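The next block holds one structure in the form of structure tokens; read it before the comments.
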Number of protein chains: 2
Amino acid sequence: MKSMSSTSDKILDIAQSLIVAGGYNGFSYADISAAIGIRKASIHHHFPAKAELVAVLVDRYTKQAEAGLQSLRERAASPADQLQFYIDYWRSCIENASQPFCVCAMLASEMQMLPDEVASRVRAHFQNLAAWLTSVLQAGVEQGLLRLDRRPEEQAQMLMASVHGAMLSTRALGDPGLFIAIVGPEIARLRGA
Amino acid sequence: MKSMSSTSDKILDIAQSLIVAGGYNGFSYADISAAIGIRKASIHHHFPAKAELVAVLVDRYTKQAEAGLQSLRERAASPADQLQFYIDYWRSCIENASQPFCVCAMLASEMQMLPDEVASRVRAHFQNLAAWLTSVLQAGVEQGLLRLDRRPEEQAQMLMASVHGAMLSTRALGDPGLFIAIVGPEIARLRGA
DNA sequence: CATAACCTTCCTACTAGTAGGTAGACAAAA
DNA sequence: TTTTGTCTACCTACTAGTAGGAAGGTTATG
């Protein structure tokens with residue numbers, strides 16, 4: 001059994017952290033090469049083109065996210081707790097700086113100049129996340145645990161925007177605590193103020 | 001009387017629209033050159049280095065924004081109306097595609113790899129905007145026109161995040177109507193549900 | 001007035017360095 | 001032996017930035 005991660009996984013890991021830092025145009029094959037001690041040409045062996053690399057990366061990210069959200073749904077007792085765990089996940093990512101921004105949020109800002117194969121996947125992730133939030137909010141309403149003043153799908157979009165906007169302000173102002181200061185009250189209000 | 005804009009203004013105009021589309025690393029002197037029919041070297045005459053160009057651009061943007069927000073404060077009758085005009089401004093920018101994203105929000109996402117002279121100015125813009133929103137919310141509370149369930153400065157950060165997040169979702173999902181669908185209810189709730 | 005000096009703006013032509021990407025050799029493993 | 005992964009060496013296109021000069025206007029001086 002080889003528990004070490006494969007080269008292509010390492011490439012994707014580094015590329016992901018570089019994208020989180022600077023977006024699609026903010027990294028190069030040379031950066032990855034330097035980070036994992038492999039030649040540029042070897043990266044091209046695994047991922048012939050940059051657009052393809054990022055498309056695979058977003059696919060992987062979306063799958064991981066979907067699995068995480070799904071398991072959250074199974075483990076967390078109530079819809080309210082599911083929301084809480086969701087934002088707690090991001091809070092810890094931001095506070096320990098392991099991943100201070102969502103890959104797809106980062107790429108979404110550059111949407112207009114992303115290769116089609118990447119842009120469509122980023123859009124899909126937004127749809128997935130909105131759908132998950134919608135269904136959690138919906139369930140919360142049905143169980144009488146959440147109080148919404150809008151339709152679940154609208155409220156889901158509002159919440160998603162709040163989360164992404166909070167990441168942006170956190171980064172712009174360099175204050176890790178700002179994320180939870182923004183998103184926390186939003187969740188609290190949904191719980192029924 | 002010369003009503004035509006100067007070359008350096010044209011350079012900044014184009015650079016701004018290119019940054020809105022693709023961020024700091026998403027444009028080059030060659031792009032500007034092609035857009036306004038001037039050689040690259042001539043752009044370097046006006047702005048010796050890219051970091052300087054963008055720093056000047058952000059200064060100009062911040063001044064324009066500050067002037068706009070200030071005049072909004074003087075013209076709009078109530079704090080509630082001031083908020084409404086603020087989001088209406090962005091709604092029209094997004095709907096007619098004249099400027100579908102805030103320059104500083106775009107740059108903020110790349111914060112970690114921005115030259116210092118740019119990063120500090122972007123941070124300043126976030127502080128300015130937060131301060132303006134805070135004071136408007138504060139005034140709304142004092143006049144009994146707005147109902148906040150948090151301190152004005154917290155509520156201002158929440159609103160700012162909502163606006164930026166709404167821009168991001170709008171872009172990611174390619175749905176211009178999404179902006180107002182997200183931000184509208186947020187304002188409505190502040191007005192007192 | 002004439003003219004010399006200067007300043008601004010733009011140009012052509014260039015540099016060093018980096019981008020993504022390719023060709024082919026080599027070694028090790030299946 | 002064929003496949004897989006890595007390498008060296010290279011390519012073309014593009015990056016920011018520089019050197020030096022031409023054209024035109026402005027200002028100072030004779």
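Sequence lines set the chain letters: A, B, ... in the order given, protein chains first and strands last, and positions in each chain run from 1. Every value quoted in this text rests on a predicted model; they were computed, and no experiment measured them.
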Indicate whether the side chain of B/Gln16 and that of B/Arg60 have a donor and an acceptor atom separated by less than 3.5 Å.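 On atom types as modelled, these side chains qualify, holding a pair under 3.5 Å.
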Residue pair B/Glu66 / B/Gln70, side-chain donor-acceptor N/O under 3.5 Å: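 B/Gln70 and B/Glu66 do not have a side-chain donor-acceptor pair below 3.5 Å.
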Can you tell me how far [atom2] of [N] sits from [atom1] of [X], to the nearest Å?
{"X": "A/Phe27", "N": "C/dT18", "atom1": "CZ", "atom2": "C1'", "value": "15 Å"}
{"X": "B/Asn25", "N": "C/dT18", "atom1": "CG", "atom2": "P", "value": "14 Å"}
{"X": "B/Lys10", "N": "C/dC10", "atom1": "NZ", "atom2": "P", "value": "8 Å"}
{"X": "A/Tyr29", "N": "D/dC14", "atom1": "OH", "atom2": "P", "value": "18 Å"}

Reported [atom1]-to-[atom2] distance for the pair [X] and [Y], which is rounded to 0.5 angstrom:
{"X": "A/Met167", "Y": "A/Phe101", "atom1": "CE", "atom2": "CZ", "value": "7.0 Å"}
{"X": "B/Ile182", "Y": "B/Glu186", "atom1": "CD1", "atom2": "CD", "value": "9.0 Å"}
{"X": "A/His125", "Y": "A/Asp59", "atom1": "NE2", "atom2": "CG", "value": "11.5 Å"}
{"X": "B/Leu72", "Y": "B/Asp81", "atom1": "CG", "atom2": "CG", "value": "9.5 Å"}

Polar atom pairs (N or O), protein with nucleotides 5-7 of chain C, under 3.5 Å:
none

Which pairs, with at least one residue in residues 138-158 of chain B and sequence neighbours excluded, count as a ring-ring contact (aromatic ring centres under 6.0 Å, His included)?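 Qualifying pairs, neighbours excluded: none.
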Contact list for residues 147-190 of chain A, test ring-ring contact (aromatic ring centres under 6.0 Å, His included), sequence neighbours left out: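 Qualifying pairs, neighbours excluded: A/Phe126-A/His164.
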Are there over 12 heavy-atom neighbours, none belonging to B/Asp116, within less than 6.0 Å of that residue's CG?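 No, the 6.0 Å shell around CG holds no more than 12 heavy atoms from other groups.
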Does D/dG5 have OP1 or OP2 sitting under 4.0 Å from an N or O in the side chain of A/Thr7?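 Answer is no, no contact under 4.0 Å.
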Name the residue from A/Asp13, A/Leu12, A/Leu18 that meets the side-chain contact (heavy atoms from CB on, under 4.5 Å) definition with A/Ile32.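 Considering A/Asp13, A/Leu12, A/Leu18, a side-chain contact (heavy atoms from CB on, under 4.5 Å) with A/Ile32 is found only for A/Leu18.
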Among residues 34-49 of chain A, which contact DNA chain D at a heavy-atom distance under 4.0 Å?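 Going residue by residue through residues 34-49 of chain A, the ones with a heavy atom under 4.0 Å of DNA chain D turn out to be A/Ile38, A/Arg39, A/Ala41, A/Ser42, A/His45, A/His46.
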List in numerical order all residues of residues 16-24 of chain B for which some heavy atom is under 4.0 Å away from an atom belonging to DNA chain D.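 Nothing qualifies; none.
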Under the side-chain hydrogen bond (donor to acceptor under 3.5 Å, both in side chains) rule, what pairs show up with a residue in residues 29-40 of chain B, not counting sequence neighbours?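 Every side-chain hydrogen bond (donor to acceptor under 3.5 Å, both in side chains) pair that includes a residue of residues 29-40 of chain B, provided the two are not neighbours, is B/Ser28-B/Asp31.
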